[in-house]
Protein chains: 2
Amino acid sequence: MPVRTAAQRRREAKLAYDAFMAECPSRQLLDTLSDKWVTLVLVALAHGPLRHAELARQIAGVSQKMLTQTLRALERDGMLTRSVTPTVPVRVDYELTPLGADLQREVRAIKAWAERYMPRVLAARRSYDARRS
Amino acid sequence: MPVRTAAQRRREAKLAYDAFMAECPSRQLLDTLSDKWVTLVLVALAHGPLRHAELARQIAGVSQKMLTQTLRALERDGMLTRSVTPTVPVRVDYELTPLGADLQREVRAIKAWAERYMPRVLAARRSYDARRS
DNA sequence: CTGCATCCTGACCGATACTG
DNA sequence: CAGTATCGGTCAGGATGCAG
């Protein structure tokens with residue numbers, strides 16, 4: 001009987017992997033970017049500050065909870081600023097920081113790629129599906 | 001009593017939203033890219049074809065199931081080719097298509113951004129956490 | 001070696017209700 | 001209007017075993 005079971009070894013490998021992950025900058029960014037709403041918020045704020053409700057309207061399909069969560073995370077990462085105007089009722093504006101604006105430009109590059117090549121991808125998909133039906 | 005409840009209206013909105021999504025090329029790409037493993041596979045294959053097991057080794061932390069799933073999806077989208085050599089045991093190689101290689105370059109841009117700016121993001125994160133502790 | 005089917009857990013997310 | 005807390009359902013994805 002081995003000192004460690006296969007499962008244990010795997011778990012240890014996973015821990016080492018996580019530690020490695022925690023240090024790798026590109027994977028950290030990938031993690032945040034892989035959040036569905038992050039990119040949409042970035043793009044929505046491209047043309048100036050917006051209020052919470054305005055964002056919710058522009059990003060169809062987002063729940064209020066997810067929107068708040070996403071905004072908090074982006075604020076924490078220094079991608080946007082959150083400014084509260086203490087009127088009644090309160091007014092809260094969100095605006096991209098220079099850093100956020102910069103990332104937003106990168107995201108737009110991906111978007112441009114998509115608009116250019118997605119037809120090809122869709123064609124590939126169709127032919128793949130046809131081949132196995 | 002309204003003809004439709006709030007919940008119903010929300011559900012209809014969601015359906016309309018989904019239909020919209022299904023047509024928007026950039027969001028479709030975002031969807032596939034938001035899959036954690038997709039980008040890693042693309043980058044791993046940047047320097048030439050690899051076998052299933054080699055990929056699994058290079059992408060630490062991926063389960064065999066997820067790897068296969070990801071490879072299938074990418075094959076379907078025309079991003080890579082899967083070639084089987086009928087030896088015993090079988091040998092399967094995965095290689096980027098020109099399309100996949102092109103997308104891979106875009107992904108690298110994001111990666112470069114991360115390596116450049118993540119320190120700033122981490123700093124922002126620390127100061128945010130400090131401010132509220 | 002590669003791939004598929006099954007089971008199962010836990011993370012995520014939406015719905016709802018309540019506060020300032 | 002903006003935000004928080006809680007509950008519950010869903011589903012992605014990991015573990016495992018088997019087949020070609």
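Residue numbering restarts at 1 for every chain, and letters A, B, ... go by the order of the sequence lines.
- Within the structure, salt bridge (charged side-chain N to carboxylate O under 4.0 Å, His left out) pairs that include any residue of residues 51-73 of chain A do not occur (at least two apart or interchain).
- Distance from the side chain of A:Arg72 is smallest to D:dT4 among C:dC1, D:dT4, C:dG14.
- Along DNA chain C, the nucleotide nearest A:Val90 and the nucleotide nearest A:Asp35 are compared for position; the residue whose nucleotide lies closer to the 5' end is A:Asp35.
- Heavy-atom distances under 4.0 Å link DNA chain D to no residue of residues 46-55 of chain B.
- Pairs engaging residues 90-100 of chain A under the salt bridge (charged side-chain N to carboxylate O under 4.0 Å, His left out) rule: A:Arg91-A:Asp93 [sequence neighbours left out].
- Atoms CE (B:Met66) and C1' (C:dA5) sit 13 Å apart, rounded to a whole Å.
- In this structure, the nucleotide among C:dG14, C:dC4, D:dA2 sitting nearest to the side chain of B:Thr68 is C:dC4.
- If you measure from atom CZ of B:Arg91 to atom P of C:dT2, you get 8 Å, rounded to the nearest angstrom.
- With the nearest nucleotide of DNA chain D identified for both A:Arg82 and A:Lys65, A:Arg82 has the one nearer the 5' end.
- The side chain to side chain donor-acceptor pair (under 3.5 Å) search around A:Arg105 returns A:Asp102, not counting sequence neighbours.
- Distance NZ (B:Lys36) to C1' (D:dG13): 10 Å, rounded to an integer number of Å.
- Evaluation of the ring-ring contact (aromatic ring centres under 6.0 Å, His included) test over residues 95-123 of chain A, restricted to residues two or more places apart or in two chains, returns A:Trp113-A:Tyr117.
- Nucleotide D:dA12 holds its P atom 18 Å from the CG atom of B:Leu67, rounded to whole Å.
- With B:Val41 as reference, B:Leu45 is the one residue of B:Val38, B:Thr39, B:Leu45 to meet the side-chain contact (heavy atoms from CB on, under 4.5 Å) rule.
- A close approach under 4.0 Å does not occur between any side-chain nitrogen or oxygen of A:Tyr94 and OP1 or OP2 of D:dC1.
- Between the CG atom of B:Asp35 and the CE atom of B:Met66 there is a distance of 8.0 Å, given to the nearest 0.5 Å.
- Residues in residues 107-126 of chain A take part in these salt bridge (charged side-chain N to carboxylate O under 4.0 Å, His left out) pairs, two or more places apart or across chains: A:Arg125-B:Asp77.
- The CD-P distance, from B:Gln64 to D:dA19, rounds to 16 Å in whole Å.
- Listed nucleotides C:dC1, C:dC13, D:dG3 differ in distance to B:Pro89; the shortest reach to its side chain belongs to C:dC1.
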